[in-house]
Participant: 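Take this structure, written in structure tokens, and hold onto it; I'll ask about it next.
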Amino acid sequence: GWMEKDLELKRWLEAHGRPFMVAVTKIDKLSQSEQHRMLDEVRKEYPGGELHPCSATTGRGVRELWQAIWKIKNP
């Protein structure tokens, strides 16, 4: 879920009109049901925003995260 520093940064970015995306890391550490609960919890603070679940260990979602970053940088 969100750490306090994450929420501080999110509020600052929103206050300054800066675009951002949310990468949900270490997704491999959770069971399927825990993943769904955690993603629901993250969505509460970021309704309508795109979430990017990923794992550096398994590689899950890493390519998709880079593609999303590329699209933002090269519209």
Side-chain angles (χ1 to χ4, degrees):
W2 295 93
M3 297 176 74
E4 187 55 38
K5 291 283 186 185
D6 299 329
L7 291 171
E8 287 176 24
L9 177 58
K10 178 185 166 293
R11 287 189 290 265
W12 187 92
L13 292 167
E14 290 172 337
H16 290 85
R18 300 296 216 161
F20 64 95
M21 66 175 64
V22 175
V24 183
T25 60
K26 299 182 182 175
I27 200 77
D28 58 299
K29 307 247 185 232
L30 304 173
S31 70
Q32 280 292 95
S33 61
E34 290 171 327
Q35 288 178 29
H36 289 293
R37 277 194 304 268
M38 194 263 303
L39 291 172
D40 288 343
E41 189 66 29
V42 172
R43 279 190 188 98
K44 287 179 186 176
E45 287 289 334
Y46 194 50
E50 189 175 352
L51 303 180
H52 298 278
C54 57
S55 166
T57 302
T58 66
R60 176 183 168 197
V62 174
R63 183 173 53 94
E64 292 85 354
L65 178 59
W66 278 112
Q67 288 172 340
I69 292 168
W70 179 259
K71 285 179 187 175
I72 289 171
K73 298 291 283 175
N74 301 289

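For clarity, every value in this text was computed on a predicted model and none was experimentally measured. Values below: every heavy atom of this structure, side chains too, minus hydrogens, waters and symmetry copies.
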Participant: Taking the side chain as everything from C-beta on, heavy atoms only, tell me whether K10 gets closer than 4.5 Å to V22.
Facilitator: no
Participant: Can we say E64 and K71 salt-bridge, meaning some charged N sits less than 4.0 Å from an Asp/Glu carboxylate O?
Facilitator: no
Participant: Between D40 and R43 (salt bridge meaning N to carboxylate O under 4.0 Å), is one present in this structure?
Facilitator: yes
Participant: So, taking the atom named NZ in K29 and the one named OG1 in T58, what distance separates them when rounded to the nearest 0.5 Å?
Facilitator: 10.0 Å
Participant: So do R37 and L30 actually touch side chain to side chain, heavy atoms under 4.5 Å?
Facilitator: no
Participant: So do R11 and L7 actually touch side chain to side chain, heavy atoms under 4.5 Å?
Facilitator: yes
Participant: Would V62 and S55 count as a side-chain contact (heavy atoms from CB on, under 4.5 Å) if you check the C-alpha gap in whole Å, the side-chain angles of each, and the deciding distance to 0.1 Å?
Facilitator: CA-CA 7 Å; V62 174; S55 166; over 6 Å; no
Participant: Got a sec, which residues hit ring pair (Phe, Tyr, Trp, His ring centres under 6.0 Å) with W2, two or more places apart in sequence or on another chain?
Facilitator: none
Participant: Out of curiosity, does L65 fall in the hydrophobic cluster containing I27 (side-chain heavy atoms, cut-off under 4.5 Å, transitive links)?
Facilitator: no
Participant: Applying a strict under-4.5 Å side-chain criterion to I, L, V, M, F, W and Y, I'd like to know whether L9 and V24 cluster together.
Facilitator: yes
Participant: Could you grab the distance from atom CD of Q35 to atom NZ of K26, nearest 0.5 Å is fine?
Facilitator: 15.0 Å
Participant: Would M21 and W66 show up in the same hydrophobic cluster when neighbours are defined by side-chain heavy atoms closer than 4.5 Å?
Facilitator: yes
Participant: What distance separates R63 CZ from C54 SG, expressed to the nearest 0.5 Å?
Facilitator: 13.0 Å
Participant: Is the closest basic N to carboxylate O distance between K44 and E41 below 4.0 Å?
Facilitator: yes
Participant: Taking the side chain as every heavy atom from C-beta outward, state whether F20 and Y46 have any atom pair closer than 4.5 Å.
Facilitator: yes
